[in-house]
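A quick write-up on the structure given underneath.
The shown structure was predicted, so the numbers you read here are calculated from the model rather than taken from an experiment.
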Amino acid sequence: MYNKEIVYQELSNVMKKENIKRDEPLRDHLYTRLGGNADFFLTPTTYEEVQEIVKLANKSDVPFTLLGNGSNLIVKDGGIRGIVLHLKNFSDISATDQQIVAQSGAAIIDVSRRALDETLSGLEFACGIPGTVGGALFMNAGAYGGEIKDVLDYCYVVDREGNLVKRTALELELDYRHSNISEKGDIVLEATFSLKPGDHKDIKAVMDDLTFKRESKQPLEYPSCGSVFKRPPGYFAGKLIQDSELQGTNFGGAEVSTKHAGFIVNKDNASASDYIALIKHVQKTVKEKFDVELEREVRIIGEDPQ
C-alpha cells in the first residue's frame with residue numbers, strides 16, 4: 001500500500017495543488033452521476049504534467065485510472081484507489097485545411113459542430129455522441145452508420161512509460177466499439193481527423209436529422225451510461241429487452257428506460273450497485289427468454305463498497 005502523504009507531496013512537485021483533489025466524489029464529474037470517491041483526482045493542464053504523473057505513478061507503484069466524462073462507464077460505489085486522471089482542461093479544437101485537431105477532453109459533439117462551421121463533412125454521425133474525444137477513440141465510438149475509424153488520421157498519446165508517442169489510426173486497431181488503447185495503457189491527448197469539403201446546408205441537414213432522431217428516441221432527460229449492451233449478431237439489444245417486457249423494471253434508483261429499452265437511466269439517485277444488479281437481471285432474463293447473451297458495451301470499474 002502506498003503512502004498517501006508522500007504521494008501527495010510528490011504530485012505537488014509536478015502540478016499545481018489546486019488541480020489535486022483528495023477523496024473526491026467521482027459522481028460529481030461523471031455523466032452517469034454514479035461512483036464513490038477517488039483517492040487522488042487530478043486535472044493537469046499540460047502534456048508534460050501528464051507525462052510526469054504517469055512516471056510518478058510507475059515509480060511509486062500507485063494505481064492509475066484515466067477517466068473521460070463517464071458517458072459509457074460505471075464506477076462502483078467503493079470508488080477508485082490511487083490516482084484518477086481527468087483531462088477536462090484539454091478541450092481545444094482547431095481546424096487546418098481539411099483536418100480538425102481536437103484535444104482529448106473536448107466533447108466529440110463540439111468537434112462535429114466545429115467541422116460544420118468549417119464546412120467539412122465526415123463527423124456528422126458524432127453530433128449526438130455524449131463523450132469526449134479521448135473516450136470516442138478509446139471505444140471507436142459510432143452512431144447512425146459512422147465510426148471514429150472512418151475519419152481518424154492519427155493521435156498523440158502518453159504511453160505507460162510516460163513517453164509522448166504519435167499513433168496512426170491503423171495502429172489503434174479500431175474495431176466495433178473497441179481499440180487497443182486500453183491494452184497498451186495509452187492516454188490520448190489529442191486527435192487529428194481528416195474530413196472532406198462539403199456543403200454547409202447538407203451537413204447541417206444531416207446533423208439536424210440525427211439530433212432529432214436521438215432526442216426523440218433516447219431518454220436524455222435522465223443521467224445514463226448510454227447504450228448498455230453491444231448489438232448481438234442477428235439481433236438488436238433494445239428489441240430483445242423490450243420483447244422481454246423489461247422496460248420500466250427498476251432496481252433502486254436505476255430503471256430500464258421506458259423510452260428506449262437499450263438504456264438504463266439513473267432515475268432516482270441510483271447507486272452503482274443498483275445499476276450493476278439491473279444489468280445482470282436484464283442479461284439473465286434475455287438469456288432465459290431468447291437464449292441470447294447480451295454483452296456489455298458499458299465498462300464497469302472501481303471497488304465494491306466496504
Side-chain angles (χ1 to χ4, degrees), residues 26-27 30-37 65 67-81 128-131 135 138-144 147 175-179 181-183 213-214 216-306:
L26 291 172
R27 63 170 52 232
L30 300 178
Y31 193 84
T32 49
R33 296 293 179 258
L34 300 172
N37 294 1
T65 304
L67 288 187
N69 71 350
S71 58
N72 199 247
L73 179 75
I74 294 171
V75 175
K76 293 182 179 180
D77 298 315
I80 299 177
R81 303 289 68 78
I129 296 175
F138 183 93
M139 65 172 294
N140 183 31
Y144 300 110
E147 295 178 292
D175 201 352
Y176 178 65
R177 302 300 177 265
H178 175 78
S179 72
I181 290 171
S182 177
E183 290 95 321
K213 288 179 179 178
R214 175 173 179 259
S216 62
K217 294 179 180 179
Q218 296 183 13
L220 304 180
E221 63 270 28
Y222 297 109
S224 78
C225 56
S227 183
V228 178
F229 303 103
K230 294 181 180 180
R231 186 177 65 244
Y235 298 91
F236 291 98
K239 183 71 164 59
L240 290 169
I241 296 166
Q242 181 178 330
D243 290 347
S244 298
E245 299 181 346
L246 286 165
Q247 286 181 280
T249 301
N250 60 74
F251 279 40
E255 180 178 283
V256 178
S257 171
T258 56
K259 192 173 185 180
H260 189 310
F263 285 67
I264 294 177
V265 296
N266 184 350
K267 193 169 184 180
D268 185 19
N269 197 32
S271 67
S273 299
D274 294 337
Y275 248 82
I276 294 167
L278 185 51
I279 287 172
K280 290 179 177 177
H281 176 70
V282 169
Q283 288 173 314
K284 179 174 181 288
T285 304
V286 169
K287 174 65 174 175
E288 289 173 350
K289 284 185 174 288
F290 298 103
D291 196 30
V292 177
E293 301 274 1
L294 287 182
E295 183 182 353
R296 276 190 291 105
E297 181 174 311
V298 64
R299 296 166 55 226
I300 299 175
I301 64 173
E303 307 285 328
D304 288 318
Q306 298 293 321

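- Contact annotation: the side chain of I276 approaches that of K76 to within less than 4.5 Å [non-hydrogen atoms, C-beta and beyond].
- When side chains are defined from C-beta on, V256 does not count as touching H281, because their heavy atoms never get closer than 4.5 Å.
- Side-chain contact between T258 and K267 is absent, with no heavy-atom pair separated by less than 4.5 Å.
- Smallest separation of non-hydrogen atoms from P232 and L294: CG-CD2, 4.0 Å.
- Counting heavy atoms from C-beta outward, K259 and Y222 have side chains that stay 4.5 Å or more apart.
- Between F229 and V286 the shortest side-chain heavy-atom distance does not fall below 4.5 Å.
- For the side-chain hydrogen bond (donor to acceptor under 3.5 Å, both in side chains) with K230, the qualifying choice from E295, E297, H178 is E295, the only one to do so.
- Looking only at side-chain heavy atoms (C-beta outward), D274 and L34 stay at 4.5 Å or farther from each other.
- A donor-acceptor pair is defined here as one N or O able to donate and one able to accept, closer than 3.5 Å; no such pair exists between the side chain of E147 and the backbone of G142.
- In terms of heavy atoms, T32 sits closest to L73 at CG2-O, 3.3 Å.
- By the 4.5 Å heavy-atom criterion applied to side chains, V298 and I279 are counted as neighbours.
- When the side-chain contact (heavy atoms from CB on, under 4.5 Å) test is applied to E293, the partners found at least two apart in sequence or on another chain are K287.
- Side-chain atoms of N140 never come within 3.5 Å of backbone atoms of S179 as a donor-acceptor pair (strictly under, hydrogens ignored).
- Using a distance-only test at 3.5 Å, with no hydrogens or angles considered, no donor-acceptor pair links the side chain of N266 to the main chain of P223.
- Considering NZ of K289 and CG of L246, their distance stands at 8.0 Å, rounded to 0.5 Å.
- Within a 6.0 Å sphere centred on CD of E288, heavy atoms belonging to other residues, nucleotides or ligands number more than 12.
- The environment of CZ in F236 is sparse: at most 12 heavy-atom neighbours from other residues, nucleotides or ligands sit within 6.0 Å.
- With rounding to the nearest 0.5 Å, the separation of CD1 in I241 from CZ in F290 is 10.5 Å.
- Judged by distance alone, with hydrogens and angles left aside, the side-chain atoms of R27 form a donor-acceptor pair with the main-chain N or O of R33 at under 3.5 Å.
- In this structure a side-chain-to-backbone donor-acceptor pair under 3.5 Å is missing from N37 to G79.
- Between S224 and F263 the shortest heavy-atom distance is OG-CD2, 3.8 Å.
- Across all non-hydrogen atoms, the minimal contact from N72 to C225 is ND2-O, 3.3 Å.
- Closest of all the heavy-atom pairs between I80 and G302 is CG1-CA, 4.0 Å.
- Here the side chains of S271 and F251 are not in contact, with every heavy-atom distance at 4.5 Å or above.
- To the nearest 0.5 Å, atom CG of residue L30 and atom CG of residue N69 are 8.0 Å apart.
- Cation-pi check for R214 over Y144 is not met; the charged atom does not lie both under 6.0 angstrom from the ring centroid and within 45 degrees of its normal.
- The backbone N or O of S257 lies less than 3.5 Å from a partner atom in the side chain of Q247, making a donor-acceptor pair.
- Within a 6.0 Å radius of CD in E245, no more than 12 heavy atoms belonging to other residues, nucleotides or ligands are found.
- Taken from OG1 in T249 to CG in L278, the straight-line distance is 7.0 Å, to the nearest 0.5 Å.
- The structure places CZ of R299 at 11.0 Å from CD1 of I74, a figure rounded to the nearest 0.5 Å.
- Remark: side-chain polar atoms of Y275 are not paired, donor with acceptor, to backbone N or O of A270 under 3.5 angstrom.
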